[in-house]
Amino acid sequence: AALRCDAQPGYVTMLRPVTEVVGSKQRYYDARFGEVNRTAAWVNMMLHCERATRGFDRAFVRYHDLLDDWTVPVFGLGQRFDLTGTEHVPRRGGVLLAVNHVGYMDFIYGGLAANPSGRKVRFMAKREIFDHPVTGPVMRSMHHIEVDRGEGLASFHTAVDYLRRGEAVGIFPEATISRSMDLKEFKTGAVRIAAQAGVPIVPVILWGTQRMMTKDHPRDFSRGKTISLTVGEPMHPDGSDPVGQTAQLRERMSSMLDDA
């Protein structure tokens, strides 16, 4: 985005709607600082940004334009993408993408399933990722959904609200990375969220991200890897039998994984 503005891409200031900035930042700082410390932190952050960018060309980029450019570093890794069945992701209206979990980068690559439909996906991710000093600001700026496993009701309602507003939300039904790469047992949250919001579940099988960064294996961001995404036909759970419908979802995704 900076290059399109003829500016050095070292520093980019995102222009976001004021309500988004105030809402997300206030929730973050309220949990950690008092009123005085929070104000001081804001002043220090603004002064630091001004000093850090002084003397550089400053590019002002709309937030959504910056999101559109996130694939640049990904394709810079020389990766090949094999996408199948992406026509099953509706172009409008709420939809819940249920994605298998094989690596730490899944919340980035899983969203590619909706790219051909022109959709951006907000993923549900555990609170620890939001608390991390590096990944936390990224996750909050993109309005992914924080999941506190001890207080899961809040994230449930947040996901339902996004879906009812016509957004695409991503969820990992296994709730954790599978070391064996086979599907673990599914939680019933995906079925219950989709039923409550009245939206379809679209199953997605992701393969290849485990070669970059996963549990118990060294990181490998070398070039030339192939990432495959297989998208299945939508399911329409009604919530009458969350356990049974979750088993159906897992069975379908297991079959898709065998064919991937």
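Quick note: residue numbers are just sequence positions, from 1. Small disclaimer: the values here were computed from a predicted structure and weren't measured.
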(request) For Asp216 and Arg179, run salt bridge (Lys or Arg N to Asp or Glu O under 4.0 Å): C-alpha distance rounded to whole Å, both residues' side-chain angles, the deciding distance at 0.1 Å, then the answer. (result) CA-CA 8 Å; Asp216 302 331; Arg179 285 184 168 89; 2.5 Å; yes
(message) Measuring only between side-chain heavy atoms, which start at C-beta, is Leu183 closer than 4.5 Å to Leu257?
(response) yes
(request) Please lay out, stage by stage, how Val169 and Leu163 fare under the test side-chain contact (heavy atoms from CB on, under 4.5 Å). (result) CA-CA 7 Å; Val169 173; Leu163 290 167; 3.8 Å; yes
(message) What I'd like to find out is whether the side chain of Ser117 reaches to under 4.5 Å of the side chain of Thr86, using heavy atoms alone.
(response) no
(message) Whether the side chain of Arg119 engages the backbone of Gly111 through a donor-acceptor N/O pair (distance < 3.5 Å, no angle test) should be reported.
(response) no
(message) Between Pro237 and Ile201, is there a side-chain heavy-atom distance shorter than 4.5 Å?
(response) yes
(request) Report the C-alpha separation of Phe123 and Phe172 in whole Å, then their side-chain angles, then the decisive distance to 0.1 Å, and conclude whether the ring pair (Phe, Tyr, Trp, His ring centres under 6.0 Å) test is met. (result) CA-CA 8 Å; Phe123 271 92; Phe172 301 111; 5.3 Å; yes
(message) Measuring from atom CD of Glu185 to atom OG of Ser178, what distance do you get when rounded to the nearest 0.5 angstrom?
(response) 11.0 Å
(message) Evaluate Phe156 against Gln196 for side-chain contact (heavy atoms from CB on, under 4.5 Å), listing each step before the verdict.
(response) CA-CA 10 Å; Phe156 177 94; Gln196 183 75 18; 4.0 Å; yes
(message) Could you tell me if the side chain of Asp131 sits less than 4.5 Å from the side chain of Arg127, heavy atoms only?
(response) yes
(message) Looking only at side-chain N and O atoms, does Thr176 offer a donor or acceptor that is under 3.5 Å from a partner on Lys126?
(response) no
(request) Please name the pair of heavy atoms, one in Asn100 and one in Glu174, separated by the smallest distance, quoted to 0.1 Å. (result) CA-OE1, 3.3 Å
(request) First locate atom CE of Met212, then atom NE2 of His217, and finally report the distance between them rounded to the nearest 0.5 Å. (result) 14.0 Å
(message) Any non-hydrogen side-chain atom of Val95 less than 4.5 Å from a side-chain atom of Val199?
(response) no
(message) So does Thr84 get a backbone contact from the side chain of Thr230, meaning a donor-acceptor N/O pair under 3.5 Å?
(response) no
(message) Other residues, nucleotides and ligands only: do more than 12 of their heavy atoms fall within 6.0 Å of CZ on Arg219?
(response) no
(request) Compare every heavy atom of Val231 with every heavy atom of Gly85, then report the nearest pair and how far apart it is. (result) O-CB, 3.2 Å
(request) For Arg252 and Pro203, work out which heavy atoms get closest and say how close. (result) CD-CG, 3.9 Å
(message) Using only atom types and a distance under 3.5 Å, with no angle test, would you say the side chain of Thr246 pairs donor to acceptor with the backbone of Pro242?
(response) yes
(request) Please report the closest heavy-atom contact between Ala98 and Leu249, naming both atoms and the distance. (result) CB-CD2, 4.2 Å
(message) Once rounded to the nearest 0.5 Å, what's the spacing between atom CD1 of Ile205 and atom OG of Ser228?
(response) 9.5 Å
(request) Please examine the side chains of Phe130 and His144, heavy atoms only from C-beta on, and report whether any two atoms are closer than 4.5 Å. (result) yes
(message) Less than 4.5 Å apart, side chain to side chain, heavy atoms only: is that true for Ile193 and Met124?
(response) yes
(message) Please give me the minimum heavy-atom distance between Thr158 and Ile145, naming the atom from each residue.
(response) CG2-CG2, 4.0 Å
(request) State, without any angle test, whether Thr188 and Arg192 hold a side-chain donor-acceptor pair at a distance under 3.5 Å. (result) yes
(message) I want to check something: taking the side chain as every heavy atom from C-beta on, are Ile227 and Trp207 in contact at a cut-off of under 4.5 Å?
(response) no
(request) Return yes if a side-chain donor-acceptor contact under 3.5 Å exists between Asp106 and Gln210, otherwise no. (result) no
(message) Just checking Glu251: does its CD atom have more than 12 heavy atoms from other residues, nucleotides or ligands closer to it than 6.0 angstrom?
(response) no
(message) Walk me through whether Ser155 and Glu146 qualify under side-chain contact (heavy atoms from CB on, under 4.5 Å).
(response) CA-CA 6 Å; Ser155 58; Glu146 179 179 341; over 6 Å; no
(message) Using 0.5 Å steps for rounding, measure from the NE2 atom of His88 to the CG atom of Leu97.
(response) 12.0 Å
(request) Look up atom CG in Asp258 and atom CE in Met253, then write down how far apart they are to the nearest 0.5 Å. (result) 12.0 Å
(message) If I compare all heavy atoms of Lys184 with all of Ile177, which pair ends up nearest, and what's the gap?
(response) CD-O, 3.9 Å
(request) Mind checking the CG-CG spacing from Leu229 to Asn115? Nearest 0.5 Å is all I need. (result) 9.5 Å
(request) Applying side-chain contact (heavy atoms from CB on, under 4.5 Å), run through Asp238 and Gln245 and close with a yes or a no. (result) CA-CA 9 Å; Asp238 57 12; Gln245 291 171 351; 2.7 Å; yes
